[in-house]
Amino acid sequence: MMKVAVGCDHAGFVLRRAVLDFLDGREDVEVLDCGSFTEDKGDDYPDIALKVAHAVASGEADRGVLICGTGIGVAITANKVRGIRAMACNDVDLARMSRAHNDLNVITLGGRVVRPEQVPEILGVWLDTPFEGGRHLQRVNKISQAEGAALCSQVNGRTVIFNHPLVQHKVGILRSRDTGARQFRELVQEIA
């Protein structure tokens, strides 16, 4: 079962209801509701975005859905958290490609851009599209390296993050052109 953290500010409050209704209707999803629980302007989007981003980055949730007026502010904020890849996907094509090519783990929606009746199609595609890996995994790894995050690998269709410095060191040796076949096999065995 996939756990999805959901959060919004006041501008995303109405669309939040459509998101929660859609997710509650899926048997393969458990929701972690991070608010906002009122339409008042009391919750700033950075506060909510950070709650959801930290839930995903820590593994408390597998993915996140954030909503503000445009989806832009919450995406910018969520991307400040190491290991988060977030963007505004206010249509189906962006939702599909964000998963297939970028392994997006937080989708952001614009409460003033997306209509509630669009939510099932956009989120359905985003939840159900697998990450293609391959050349795209190399690119996601480069993003992770640029932000100082751990190296990523794909295991059983899931992206696994290796946080331990020793594992990162050994993976670095594996990638070296100077690593021979015997040393490569030994390192793979040690990491496994």
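Basis for what follows: all heavy atoms, side chains included, without hydrogens, waters or symmetry-related copies.
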*Given side chain to side chain contact (heavy atoms under 4.5 Å, CB included), test I67 with V74 step by step and report yes or no.*
CA-CA 7 Å; I67 314 156; V74 287; over 6 Å; no
*asked:* Please determine whether residues I76 and L104 belong to a single hydrophobic cluster, defined as Ile, Leu, Val, Met, Phe, Trp and Tyr linked transitively by side-chain heavy-atom distances below 4.5 Å.
replied: no
*Give a yes or no on whether E186 atom CD has more than 12 heavy-atom contacts from other residues, nucleotides or ligands under 6.0 Å away.*
yes
*asked:* Is there a path of hydrophobic side-chain contacts, each under 4.5 Å between heavy atoms, that joins I48 and V119?
replied: no
*Distance, nearest 0.5 Å, that separates CZ of R85 from CD1 of I143*: 7.0 Å
*For residues A88 and L94, report the shortest heavy-atom separation together with the two atoms involved.*
O-CD1, 4.0 Å
*Grab the two heavy atoms, one from D9 and one from D44, that are nearest each other, plus how far apart they are.*
CB-C, 4.5 Å
_Lys/Arg N to Asp/Glu carboxylate O, K51 vs D47, below 4.0 Å_ = no
*Check R16 against C8 and note the closest heavy-atom contact, atom names and distance.*
CD-SG, 3.2 Å
_Taking every non-hydrogen atom, the tightest pair across C68 and Y45_ = CB-CB, 4.3 Å
*Run the numbers on R63 and W126 for side chain to side chain contact (heavy atoms under 4.5 Å, CB included), then give the verdict.*
CA-CA 10 Å; R63 296 202 200 156; W126 185 71; 3.4 Å; yes
*asked:* The test is side chain to side chain contact (heavy atoms under 4.5 Å, CB included); show your working for L109 and N90 and say whether it passes.
replied: CA-CA 6 Å; L109 303 171; N90 291 321; 4.2 Å; yes
*Are T70 and R112 close enough, and set up right, to give a side chain to side chain contact (heavy atoms under 4.5 Å, CB included), and what steps lead you there?*
CA-CA 6 Å; T70 61; R112 297 180 183 129; 5.8 Å; no
_Value rounded to 0.5 Å, distance of CZ in R96 from NE2 in H101_ = 11.0 Å
*asked:* Under 4.5 Å between side-chain heavy atoms, counting indirect links through other Ile/Leu/Val/Met/Phe/Trp/Tyr residues: same cluster for V31 and V52 or not?
replied: no
_Which heavy atom of A5 sits nearest to which heavy atom of C34, and what is that distance?_
CB-SG, 4.3 Å
*Apply the side-chain contact (heavy atoms from CB on, under 4.5 Å) test between C89 and each candidate in V106, V125, I107; give the one that qualifies.*
I107
*Joint cluster assignment, L23 & I122, ILVMFWY side-chain distance < 4.5 Å*: yes
*Lys/Arg-Asp/Glu bridge criterion (N-O < 4.0 Å) met for R99, D128*: no
_E117 CD: over 12 foreign heavy atoms closer than 6.0 Å_ = yes
*Spell out, yes or no, whether L66 and V4 are grouped together once hydrophobic residues are joined by side-chain heavy atoms under 4.5 Å, including indirect joins.*
no
